[in-house]
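This report refers to the structure that appears directly beneath it.
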Amino acid sequence: MRVVEAIADVREAVAAARRRGERIGCVPTMGTVHAGHLSLVTECQRQSGFVVVSIFVNPTQFAPHEDLGTYPRSLEEDLAKCRAAGVDLVFTPNVPTIYPDGFETFITVERISQMLEGEHRPTHFRGVATVVAKLFNIVQPDVACFGQKDYQQQALIRRMVRDLDIPVEIMVCPTVREEDGLALSSRNTYLNTEERQAALSLCESLQLADQHVRDGETDLAKIRAVMRGHLESHADVEPEYATIADADTLKELNEPRPPMVALVAAKVGKTRLIDNLVIGEE
Ligand code: AMP
(Lines give C-alpha, C1' and ligand atoms only; values in the text may rest on other atoms or scores of the structure.)
Protein backbone atom coordinates (compact mmCIF):
# COMPACT_ATOMS: atom_id res chain seq x y z
CA MET A 1 0.00 0.00 0.00
CA ARG A 2 1.34 3.41 -0.94
CA VAL A 3 0.61 6.52 1.12
CA VAL A 4 0.97 9.83 -0.71
CA GLU A 5 0.32 13.47 0.10
CA ALA A 6 0.85 15.08 -3.31
CA ILE A 7 -1.67 15.25 -6.15
CA ALA A 8 1.05 14.42 -8.68
CA ASP A 9 1.80 11.16 -6.83
CA VAL A 10 -1.87 10.15 -6.94
CA ARG A 11 -2.02 10.85 -10.66
CA GLU A 12 1.13 8.84 -11.31
CA ALA A 13 -0.03 5.79 -9.28
CA VAL A 14 -3.48 5.87 -10.88
CA ALA A 15 -1.97 6.19 -14.38
CA ALA A 16 0.24 3.15 -13.72
CA ALA A 17 -2.80 1.13 -12.56
CA ARG A 18 -4.69 2.20 -15.67
CA ARG A 19 -1.81 1.05 -17.88
CA ARG A 20 -2.16 -2.35 -16.18
CA GLY A 21 -5.80 -2.30 -17.28
CA GLU A 22 -7.30 -1.82 -13.80
CA ARG A 23 -10.55 -0.05 -13.03
CA ILE A 24 -10.00 2.69 -10.47
CA GLY A 25 -12.13 2.94 -7.32
CA CYS A 26 -12.27 5.73 -4.78
CA VAL A 27 -13.47 5.92 -1.15
CA PRO A 28 -13.42 9.47 0.26
CA THR A 29 -13.20 9.63 4.08
CA MET A 30 -12.28 11.97 6.89
CA GLY A 31 -10.36 9.19 8.66
CA THR A 32 -10.80 7.62 12.10
CA VAL A 33 -11.48 4.57 10.00
CA HIS A 34 -14.15 2.17 11.26
CA ALA A 35 -16.01 -0.86 9.92
CA GLY A 36 -18.41 1.43 8.01
CA HIS A 37 -15.53 2.88 6.01
CA LEU A 38 -14.06 -0.59 5.50
CA SER A 39 -17.37 -1.86 4.10
CA LEU A 40 -17.03 0.81 1.41
CA VAL A 41 -13.48 -0.41 0.71
CA THR A 42 -14.76 -3.99 0.33
CA GLU A 43 -17.49 -2.90 -2.09
CA CYS A 44 -14.97 -0.78 -3.99
CA GLN A 45 -12.65 -3.78 -4.32
CA ARG A 46 -15.56 -5.71 -5.79
CA GLN A 47 -16.09 -2.95 -8.34
CA SER A 48 -12.50 -2.07 -9.23
CA GLY A 49 -8.92 -3.35 -9.27
CA PHE A 50 -7.17 -0.36 -7.71
CA VAL A 51 -8.70 1.26 -4.65
CA VAL A 52 -7.76 4.76 -3.55
CA VAL A 53 -8.86 5.84 -0.05
CA SER A 54 -8.58 9.53 0.73
CA ILE A 55 -8.23 10.71 4.32
CA PHE A 56 -8.85 14.43 4.60
CA VAL A 57 -10.67 16.35 7.32
CA ASN A 58 -12.18 18.90 4.99
CA PRO A 59 -12.28 22.35 6.64
CA THR A 60 -14.80 23.85 4.21
CA GLN A 61 -17.57 21.50 5.35
CA PHE A 62 -17.30 22.65 8.98
CA ALA A 63 -18.88 25.89 10.19
CA PRO A 64 -16.69 28.08 12.45
CA HIS A 65 -18.51 26.92 15.62
CA GLU A 66 -18.29 23.21 14.70
CA ASP A 67 -15.76 20.51 15.64
CA LEU A 68 -13.04 20.91 12.98
CA GLY A 69 -10.38 21.50 15.66
CA THR A 70 -11.35 18.50 17.77
CA TYR A 71 -12.47 16.11 15.00
CA PRO A 72 -10.82 12.76 15.89
CA ARG A 73 -7.62 12.05 13.98
CA SER A 74 -5.77 8.72 14.08
CA LEU A 75 -3.67 8.49 10.93
CA GLU A 76 -1.36 5.66 11.98
CA GLU A 77 -4.26 3.39 13.01
CA ASP A 78 -6.17 4.39 9.89
CA LEU A 79 -3.25 3.40 7.67
CA ALA A 80 -2.89 0.05 9.48
CA LYS A 81 -6.60 -0.66 8.91
CA CYS A 82 -6.37 0.33 5.24
CA ARG A 83 -3.27 -1.82 4.77
CA ALA A 84 -4.98 -4.82 6.42
CA ALA A 85 -8.01 -4.28 4.18
CA GLY A 86 -5.84 -4.40 1.04
CA VAL A 87 -6.24 -0.76 -0.02
CA ASP A 88 -3.83 0.10 -2.85
CA LEU A 89 -3.26 3.82 -2.31
CA VAL A 90 -4.07 6.21 0.53
CA PHE A 91 -4.16 9.91 -0.29
CA THR A 92 -3.58 12.09 2.79
CA PRO A 93 -3.33 15.64 1.45
CA ASN A 94 -2.75 18.59 3.74
CA VAL A 95 -5.07 21.60 3.65
CA PRO A 96 -2.97 23.82 1.31
CA THR A 97 -2.76 20.96 -1.21
CA ILE A 98 -6.53 20.95 -1.53
CA TYR A 99 -7.09 24.67 -0.88
CA PRO A 100 -4.02 26.57 -2.06
CA ASP A 101 -3.74 30.32 -1.57
CA GLY A 102 -6.26 32.14 -3.70
CA PHE A 103 -8.75 29.26 -3.88
CA GLU A 104 -12.22 30.66 -4.64
CA THR A 105 -14.24 28.12 -6.62
CA PHE A 106 -17.06 26.25 -4.89
CA ILE A 107 -19.82 23.92 -6.05
CA THR A 108 -23.37 24.37 -4.82
CA VAL A 109 -25.99 21.70 -5.40
CA GLU A 110 -28.84 24.15 -4.96
CA ARG A 111 -31.96 22.43 -3.65
CA ILE A 112 -30.53 19.43 -1.83
CA SER A 113 -27.98 21.59 0.02
CA GLN A 114 -30.63 23.74 1.64
CA MET A 115 -32.95 21.21 3.25
CA LEU A 116 -32.60 18.99 6.37
CA GLU A 117 -28.87 19.02 7.22
CA GLY A 118 -28.57 22.23 5.20
CA GLU A 119 -31.07 24.04 7.43
CA HIS A 120 -28.83 23.36 10.41
CA ARG A 121 -25.48 23.43 8.60
CA PRO A 122 -25.97 26.00 5.79
CA THR A 123 -22.39 25.86 4.40
CA HIS A 124 -21.80 22.15 4.95
CA PHE A 125 -22.77 20.69 1.57
CA ARG A 126 -20.99 23.39 -0.41
CA GLY A 127 -17.81 22.13 1.26
CA VAL A 128 -18.71 18.48 0.67
CA ALA A 129 -19.58 18.95 -3.01
CA THR A 130 -16.44 20.98 -3.63
CA VAL A 131 -14.02 18.55 -1.99
CA VAL A 132 -15.63 15.49 -3.59
CA ALA A 133 -15.53 17.13 -7.04
CA LYS A 134 -11.85 17.90 -6.46
CA LEU A 135 -11.14 14.32 -5.37
CA PHE A 136 -12.92 13.06 -8.47
CA ASN A 137 -10.74 15.34 -10.62
CA ILE A 138 -7.57 14.26 -8.83
CA VAL A 139 -8.23 10.49 -8.81
CA GLN A 140 -10.51 10.27 -11.87
CA PRO A 141 -12.09 7.07 -10.55
CA ASP A 142 -14.41 4.81 -12.54
CA VAL A 143 -16.38 4.10 -9.39
CA ALA A 144 -16.70 5.77 -5.98
CA CYS A 145 -18.36 4.36 -2.86
CA PHE A 146 -20.38 6.32 -0.30
CA GLY A 147 -22.36 5.27 2.78
CA GLN A 148 -26.11 5.40 3.14
CA LYS A 149 -25.36 6.58 6.69
CA ASP A 150 -24.99 10.06 5.18
CA TYR A 151 -28.18 9.80 3.14
CA GLN A 152 -28.42 13.40 2.04
CA GLN A 153 -24.72 13.43 1.16
CA GLN A 154 -25.04 10.49 -1.24
CA ALA A 155 -28.13 12.10 -2.82
CA LEU A 156 -26.15 15.32 -3.28
CA ILE A 157 -23.14 13.53 -4.81
CA ARG A 158 -25.35 11.59 -7.21
CA ARG A 159 -27.08 14.83 -8.25
CA MET A 160 -23.75 16.64 -8.73
CA VAL A 161 -22.30 13.80 -10.82
CA ARG A 162 -25.36 13.83 -13.09
CA ASP A 163 -25.52 17.61 -13.34
CA LEU A 164 -21.81 18.06 -14.09
CA ASP A 165 -21.43 14.95 -16.30
CA ILE A 166 -18.66 13.59 -14.11
CA PRO A 167 -17.79 10.16 -15.54
CA VAL A 168 -17.92 8.15 -12.31
CA GLU A 169 -20.30 5.48 -11.10
CA ILE A 170 -21.58 6.11 -7.57
CA MET A 171 -22.19 3.09 -5.35
CA VAL A 172 -24.13 3.54 -2.11
CA CYS A 173 -23.43 1.00 0.64
CA PRO A 174 -25.69 0.06 3.58
CA THR A 175 -25.14 1.61 7.01
CA VAL A 176 -22.92 -0.51 9.26
CA ARG A 177 -24.22 -0.58 12.84
CA GLU A 178 -23.09 -1.76 16.25
CA GLU A 179 -24.88 -4.87 17.48
CA ASP A 180 -27.38 -2.73 19.41
CA GLY A 181 -28.22 -0.67 16.32
CA LEU A 182 -26.09 2.48 16.77
CA ALA A 183 -24.76 3.57 13.38
CA LEU A 184 -20.96 3.59 13.34
CA SER A 185 -19.60 7.13 13.19
CA SER A 186 -16.23 8.69 13.87
CA ARG A 187 -18.07 11.11 16.16
CA ASN A 188 -19.23 8.24 18.42
CA THR A 189 -15.77 8.53 20.01
CA TYR A 190 -17.00 11.77 21.65
CA LEU A 191 -19.75 9.96 23.60
CA ASN A 192 -19.42 9.06 27.29
CA THR A 193 -21.15 5.93 28.64
CA GLU A 194 -24.51 7.60 29.34
CA GLU A 195 -24.49 9.45 26.01
CA ARG A 196 -23.60 6.24 24.16
CA GLN A 197 -26.76 4.71 25.66
CA ALA A 198 -28.90 7.78 24.88
CA ALA A 199 -27.58 7.79 21.29
CA LEU A 200 -29.53 4.59 20.66
CA SER A 201 -32.66 6.76 20.62
CA LEU A 202 -31.77 7.85 17.06
CA CYS A 203 -31.97 4.40 15.51
CA GLU A 204 -34.88 3.49 17.80
CA SER A 205 -36.89 6.46 16.53
CA LEU A 206 -36.27 5.29 12.95
CA GLN A 207 -37.42 1.78 13.83
CA LEU A 208 -40.53 3.25 15.45
CA ALA A 209 -41.29 5.11 12.22
CA ASP A 210 -40.86 1.91 10.22
CA GLN A 211 -43.11 -0.01 12.61
CA HIS A 212 -45.89 2.61 12.49
CA VAL A 213 -45.85 2.66 8.68
CA ARG A 214 -45.96 -1.14 8.58
CA ASP A 215 -48.85 -1.10 11.04
CA GLY A 216 -50.80 1.02 8.55
CA GLU A 217 -50.50 4.49 10.06
CA THR A 218 -50.99 6.97 7.21
CA ASP A 219 -50.67 10.24 9.13
CA LEU A 220 -46.94 10.91 8.81
CA ALA A 221 -47.18 14.05 10.96
CA LYS A 222 -48.25 11.75 13.78
CA ILE A 223 -45.26 9.47 13.15
CA ARG A 224 -42.91 12.47 13.10
CA ALA A 225 -44.28 13.46 16.51
CA VAL A 226 -43.64 9.92 17.79
CA MET A 227 -40.05 10.03 16.49
CA ARG A 228 -39.38 13.42 18.06
CA GLY A 229 -41.09 12.38 21.30
CA HIS A 230 -38.88 9.31 21.55
CA LEU A 231 -35.73 11.42 21.08
CA GLU A 232 -36.94 14.03 23.56
CA SER A 233 -37.70 11.37 26.19
CA HIS A 234 -33.93 11.14 26.79
CA ALA A 235 -32.52 13.93 28.94
CA ASP A 236 -29.23 14.09 27.00
CA VAL A 237 -30.86 14.22 23.55
CA GLU A 238 -31.91 17.38 21.74
CA PRO A 239 -33.50 16.64 18.34
CA GLU A 240 -32.78 18.92 15.36
CA TYR A 241 -35.07 17.14 12.91
CA ALA A 242 -37.01 13.89 12.75
CA THR A 243 -38.86 13.41 9.51
CA ILE A 244 -40.05 11.14 6.74
CA ALA A 245 -39.19 12.08 3.18
CA ASP A 246 -39.34 10.84 -0.38
CA ALA A 247 -36.27 8.60 -0.75
CA ASP A 248 -35.27 10.23 -4.06
CA THR A 249 -36.13 13.92 -3.70
CA LEU A 250 -35.86 14.11 0.12
CA LYS A 251 -39.03 16.24 0.15
CA GLU A 252 -41.02 15.79 3.37
CA LEU A 253 -44.08 13.57 2.92
CA ASN A 254 -47.46 13.90 4.61
CA GLU A 255 -48.79 10.53 3.56
CA PRO A 256 -46.95 7.29 2.79
CA ARG A 257 -45.54 7.12 -0.75
CA PRO A 258 -42.73 4.53 -1.04
CA PRO A 259 -39.82 4.56 -1.37
CA MET A 260 -39.53 6.63 1.80
CA VAL A 261 -36.71 7.40 4.17
CA ALA A 262 -36.90 8.39 7.82
CA LEU A 263 -34.13 10.80 8.83
CA VAL A 264 -33.04 12.12 12.21
CA ALA A 265 -30.42 14.51 13.53
CA ALA A 266 -29.91 15.19 17.21
CA LYS A 267 -27.40 16.49 19.68
CA VAL A 268 -26.48 13.86 22.23
CA GLY A 269 -24.76 15.90 24.90
CA LYS A 270 -22.53 18.13 22.76
CA THR A 271 -22.19 15.58 19.96
CA ARG A 272 -24.29 15.99 16.84
CA LEU A 273 -25.32 12.65 15.31
CA ILE A 274 -27.43 11.70 12.28
CA ASP A 275 -29.06 8.49 11.14
CA ASN A 276 -31.65 7.30 8.62
CA LEU A 277 -33.60 4.24 7.53
CA VAL A 278 -35.47 3.40 4.36
CA ILE A 279 -38.88 2.49 5.74
CA GLY A 280 -42.04 0.68 4.77
CA GLU A 281 -40.27 -1.70 2.38
CA GLU A 282 -41.15 -5.38 1.93
P1 AMP B 1 -16.72 10.22 6.90
O2 AMP B 1 -15.32 9.78 7.23
O3 AMP B 1 -17.61 10.30 8.09
O4 AMP B 1 -16.74 11.45 6.03
O5 AMP B 1 -17.35 9.07 6.02
C6 AMP B 1 -16.73 8.62 4.85
C7 AMP B 1 -17.68 7.69 4.12
O8 AMP B 1 -18.00 6.59 4.95
C9 AMP B 1 -18.99 8.37 3.72
O10 AMP B 1 -19.39 7.92 2.44
C11 AMP B 1 -19.92 7.88 4.80
O12 AMP B 1 -21.28 7.86 4.39
C13 AMP B 1 -19.41 6.47 5.01
N14 AMP B 1 -19.83 5.98 6.33
C15 AMP B 1 -19.69 6.61 7.52
N16 AMP B 1 -20.25 5.88 8.50
C17 AMP B 1 -20.75 4.76 7.92
C18 AMP B 1 -21.45 3.60 8.40
N19 AMP B 1 -21.76 3.45 9.68
N20 AMP B 1 -21.81 2.66 7.50
C21 AMP B 1 -21.51 2.80 6.18
N22 AMP B 1 -20.85 3.86 5.67
C23 AMP B 1 -20.47 4.82 6.52
Side-chain angles (χ1 to χ4, degrees), residues 25-47 51-63 66-68 70-75 77-79 81-82 85 87 90-93 98 109 112 116-117 121 124-136 139 141 143-161 168-191 196 199-200 202-203 206 250 261 263-265 268 271-278:
C26 177
V27 179
T29 83
M30 299 207 298
T32 309
V33 170
H34 53 62
H37 299 120
L38 295 175
S39 75
L40 306 187
V41 168
T42 302
E43 178 58 25
C44 210
Q45 287 167 332
R46 242 180 252 138
Q47 302 287 334
V51 171
V52 182
V53 169
S54 63
I55 297 179
F56 180 61
V57 181
N58 174 37
T60 62
Q61 69 190 68
F62 290 79
E66 291 181 346
D67 58 343
L68 173 63
T70 55
Y71 194 84
R73 289 164 169 86
S74 55
L75 187 59
E77 287 101 316
D78 291 352
L79 295 179
K81 287 175 189 169
C82 288
V87 170
V90 180
F91 177 41
T92 60
I98 299 297
V109 181
I112 295 179
L116 296 165
E117 284 296 286
R121 307 183 73 190
H124 173 65
F125 283 123
R126 169 187 191 253
V128 170
T130 302
V131 80
V132 171
K134 282 181 65 86
L135 287 169
F136 286 170
V139 177
V143 58
C145 296
F146 291 85
Q148 189 190 317
K149 159 72 171 40
D150 297 279
Y151 196 92
Q152 195 174 353
Q153 172 172 281
Q154 59 79 28
L156 170 116
I157 302 296
R158 291 191 294 120
R159 185 74 258 164
M160 176 182 79
V161 160
V168 60
E169 189 183 340
I170 303 298
M171 306 294 306
V172 178
C173 304
T175 302
V176 177
R177 298 177 180 279
E178 304 276 11
E179 229 162 73
D180 60 7
L182 182 70
L184 297 192
S185 162
S186 303
R187 288 191 171 95
N188 291 350
T189 58
Y190 294 141
L191 303 171
R196 166 70 182 73
L200 283 177
L202 276 84
C203 64
L206 300 169
L250 288 179
V261 60
L263 304 124
V264 291
V268 180
T271 305
R272 187 176 185 282
L273 299 177
I274 58 173
D275 199 355
N276 69 84
L277 185 68
V278 173

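Whatever order the structure lists them in is the order used to number ligands and atoms, beginning at 1. The shown structure was predicted, so the numbers you read here are calculated from the model rather than taken from an experiment.
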- Task: Determine yes or no for a side-chain-to-main-chain donor-acceptor pair under 3.5 angstrom, with Thr130 supplying the side chain and Gly127 the backbone.
- Result: no
- Task: Mark yes when over 12 heavy atoms from residues, nucleotides or ligands other than Arg196 sit less than 6.0 Å from its CZ; otherwise mark no.
- Result: yes
- Ignoring hydrogens and angles, tell me if any N or O in the side chain of Thr175 forms a donor-acceptor pair with the backbone of Ala183 under 3.5 Å. no
- Item | Neighbouring protein residues of ligand 1 - any heavy atom closer than 4.0 Å | Pro28, Thr29, Met30, His34, Gly36, His37, Leu40, Phe146, Gly147, Lys149, Asp150, Gln153, Pro174, Thr175, Val176, Leu184
- Item | Backbone of Leu263 reached by a side-chain donor or acceptor of Asp275 within 3.5 Å | no
- Message: Between His37 and Lys81, is the side chain to side chain contact (heavy atoms under 4.5 Å, CB included) condition met? List the steps.
- Response: CA-CA 10 Å; His37 299 120; Lys81 287 175 189 169; over 6 Å; no
- Task: Go through Glu77 and Val33 one step at a time and tell me if the side chain to side chain contact (heavy atoms under 4.5 Å, CB included) criterion holds.
- Result: CA-CA 8 Å; Glu77 287 101 316; Val33 170; over 6 Å; no
